[in-house]
Novice: 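Starting off with a structure, shown below.
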Amino acid sequence: MIFSNDYADQLDLADSLASFRDRFHIPKHTNGDQIYLCGNSLGLQPKSVKSVLQQELDDWAALGVEGHFHAKHPWMPYHSELRDLLAENVGAKPVEVVAMNSLTVNLHLLMVSFYRPNAERPAIIIEQGAFPSDRYAVESQIRFHGFSPDDCLIEISADPDSGLIPTYALENCLREHGHRVALILWPGVQYRTGQAFDLKAIADLGHFYGCQVGFDLAHAAGNLPLQLHDSGADFAAWCSYKYLNSGPGAIAGAFVHERHAQAVLPRFNGWWGHRQDTRFQMGPEFKGTPGAEGWQLSNPPIFAMAPMRASLEIFHEAGMPALRRKSLALTAYLEALIRQELGDVLRSVTPDDPEQRGCQLSLQVRAGRDAGRRLFEHLMQSGVIGDWREPDVIRLSPTPLYNRFSDCLGAVRHIKQWAGSA
Ligand SMILES: *Cc1c(COP(=O)(O)O)cnc(C)c1O
């Protein structure tokens, strides 16, 4: 009897991560908490964010410029305090990661180094239906280098029946076009369908055909336990306002594999990428710091980094393996409830195989797009927060840090209510 308060409450009671919910501000709906299933879009605020930000405000007020060295967390090396947490979070070595800029900016900066097209190899592969910003970015990169997206942007389409992209589709494409492909830019988790990919398999495949391989981990970071170093990817970038709960427009992450740490790659430089020990000699000649930090341009925004630090500390405490275990159980519970109670109302476009997905379930209303839109509005008004992705997908993402099994049950109750009255 999975569709009962008792059942959901038992699961919540047995949940060893349940107490983490108290570390977050849960938005309110009428008298209670919202059923917030939207961590894929904007993660909730850790309560600790206020005090870490206040600390920086206080240090700025009390110390002025001296805060660079004497703040509680000195601003000069601030990014290096984040580095280990960030590396742990995505399964990278500290030298391979840096928090800087925002996601699309990082994609561009990394493509400056890793998209080096020539007449023989001018093409980029992405998935069809990629997040618009990624598509705009790669298209403009192709044009910037004097090529045309018409023949240099290759988009791999999903299987028409399942809506998913099997790895062999990429393999087939590479067999045909691989010799012309400079770069594969692939998602860790596809934003619309929630399909998760085997990063190592994709990186191996790309490298076999002589391509550079980069990942956009916007929907994967903080959602799946990543092994970025072992994946062998050349680079990766991700935002941290989604599963990583670092606040709207938060500072983003970037990864450059260790094998490029010392390499002299073409790059856009700024003073913060200069070696730390001689940066303040203010010499005219750029000497890059090894690793991902060499891609930094500007001195970092402390007020943007402080929330990320608070959030990554929570991830560190909970641990990605434990979070993943709970995540698997939460999403499986939501899926089972939907199958049992709403099988004739909804269908999921997200893979059934838990290995091929994170938290997110992408749902379509069988009665069609208009009904889907009405259901979405109904849920929002009822305090069940998901999001809508055109043309017809409702995304619901129970996240293991602050969602409960009873949230899944509550969401399904509201959908049943709507279906019963529609
Ligand atoms: C959320 C998301 C973005 C957003 O880009 P920003 O530069 O952070 O505004 C880009 N790409 C993907 C795949 C996303 O999911």
Side-chain angles (χ1 to χ4, degrees), residues 37-44 86 89-90 97-112 114-115 124-141 153 155-156 158 163-165 170 183-197 199 202 213-224 226 228 233 235-255 268 295-298 300-301 304-305 307-308 311 349-350 357-362 385-390 393-397 399:
L37 302 177
C38 209
N40 58 289
S41 184
L42 185 75
L44 292 179
L86 199 59
N89 192 263
V90 295
V97 295
V98 64
M100 61 179 189
N101 312 313
S102 48
L103 169 54
T104 309
V105 174
N106 287 345
L107 288 175
H108 274 300
L109 290 176
L110 290 163
M111 280 194 276
V112 165
F114 293 100
Y115 174 52
I124 301 182
I125 291 181
I126 60 174
E127 92 276 22
Q128 196 167 59
F131 194 92
S133 199
D134 299 52
R135 195 176 187 285
Y136 304 154
V138 295
E139 218 191 13
S140 61
Q141 285 277 338
L153 179 56
E155 294 169 277
I156 299 196
L164 305 174
I165 304 179
L170 179 60
L183 169 68
I184 300 170
L185 181 65
W186 206 254
V189 173
Q190 216 283 338
Y191 82 100
R192 194 195 308 266
T193 63
Q195 180 180 10
F197 295 93
L199 301 189
I202 287 168
V213 180
F215 292 116
D216 183 326
L217 302 174
H219 285 267
N223 180 11
L224 293 170
L226 298 167
L228 262 189
F235 71 92
W238 58 95
C239 52
S240 38
Y241 46 83
K242 293 173 179 167
Y243 294 102
L244 287 177
N245 306 324
S246 303
I251 194 161
F255 163 92
F268 287 170
W295 271 261
Q296 294 174 108
L297 299 180
S298 299
M305 293 179 109
M308 183 192 234
S311 174
V349 288
T350 304
R357 69 184 187 203
C359 307
Q360 173 186 332
L361 292 183
S362 300
I385 310 302
D387 66 4
W388 174 260
R389 279 295 171 265
E390 293 294 345
V393 164
I394 296 173
R395 299 188 300 185
L396 298 180
S397 305
T399 68

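Note that the coordinates shown come from a computational prediction; the quantities given were computed from them, not determined experimentally. Indexing begins at 1, ligand by ligand and atom by atom, following the structure's order.
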Novice: Between R395 (side chain) and S41 (backbone), is there a donor-acceptor pair under 3.5 Å?
Specialist: no
Novice: At what distance is the nearest protein heavy atom to atom 4 (C) of ligand 1, and which residue and atom is it?
Specialist: Y241 OH, 3.1 Å
Novice: Give me the nearest non-hydrogen protein atom to atom 11 (N) of ligand 1 as residue plus atom name, then the distance to 0.1 Å.
Specialist: D134 OD1, 2.6 Å
Novice: Nearest to atom 3 (C) of ligand 1, what protein heavy atom do you find, and at what distance?
Specialist: F131 CE2, 3.4 Å
Novice: Test S362 against Q360 for side-chain hydrogen bond (donor to acceptor under 3.5 Å, both in side chains), laying out the working first.
Specialist: CA-CA 6 Å; S362 300; Q360 173 186 332; 2.9 Å; yes
Novice: Which atoms from ligand 1 have a heavy atom of H219 less than 4.0 Å away?
Specialist: 15 (O)
Novice: Would you mind writing out the side-chain donor-acceptor pairs for residues 102-109 within the sub-3.5 Å range, not counting sequence neighbours?
Specialist:
unit_1 : atom_1 : unit_2 : atom_2 : d
T104   : OG1    : S133   : OG     : 2.8
N106   : OD1    : N101   : ND2    : 2.9
N106   : ND2    : M100   : O      : 3.0
N106   : ND2    : G253   : O      : 3.4
H108   : ND1    : Q141   : NE2    : 2.9

Novice: So do the side chains of Q190 and F197 get within less than 4.5 Å of each other, counting heavy atoms only?
Specialist: yes
Novice: Can you name the residues that form a ring-ring contact (aromatic ring centres under 6.0 Å, His included) with F114, not counting sequence neighbours?
Specialist: F235, H260
Novice: Counting non-hydrogen protein atoms only, what is the nearest one to atom 7 (O) of ligand 1? Give residue, atom name and distance.
Specialist: T104 OG1, 2.6 Å
Novice: Give the atoms of ligand 1, by number and element, whose distance to some non-hydrogen atom of D216 is under 4.0 Å.
Specialist: 11 (N), 12 (C), 13 (C)
Novice: Which residue and non-hydrogen atom of the protein lie closest to atom 15 (O) of ligand 1, and at what distance in Å?
Specialist: K242 NZ, 2.5 Å
Novice: Spell out, as yes or no, whether a donor-acceptor pair under 3.5 Å connects the side chain of T193 to the backbone of Q195.
Specialist: yes
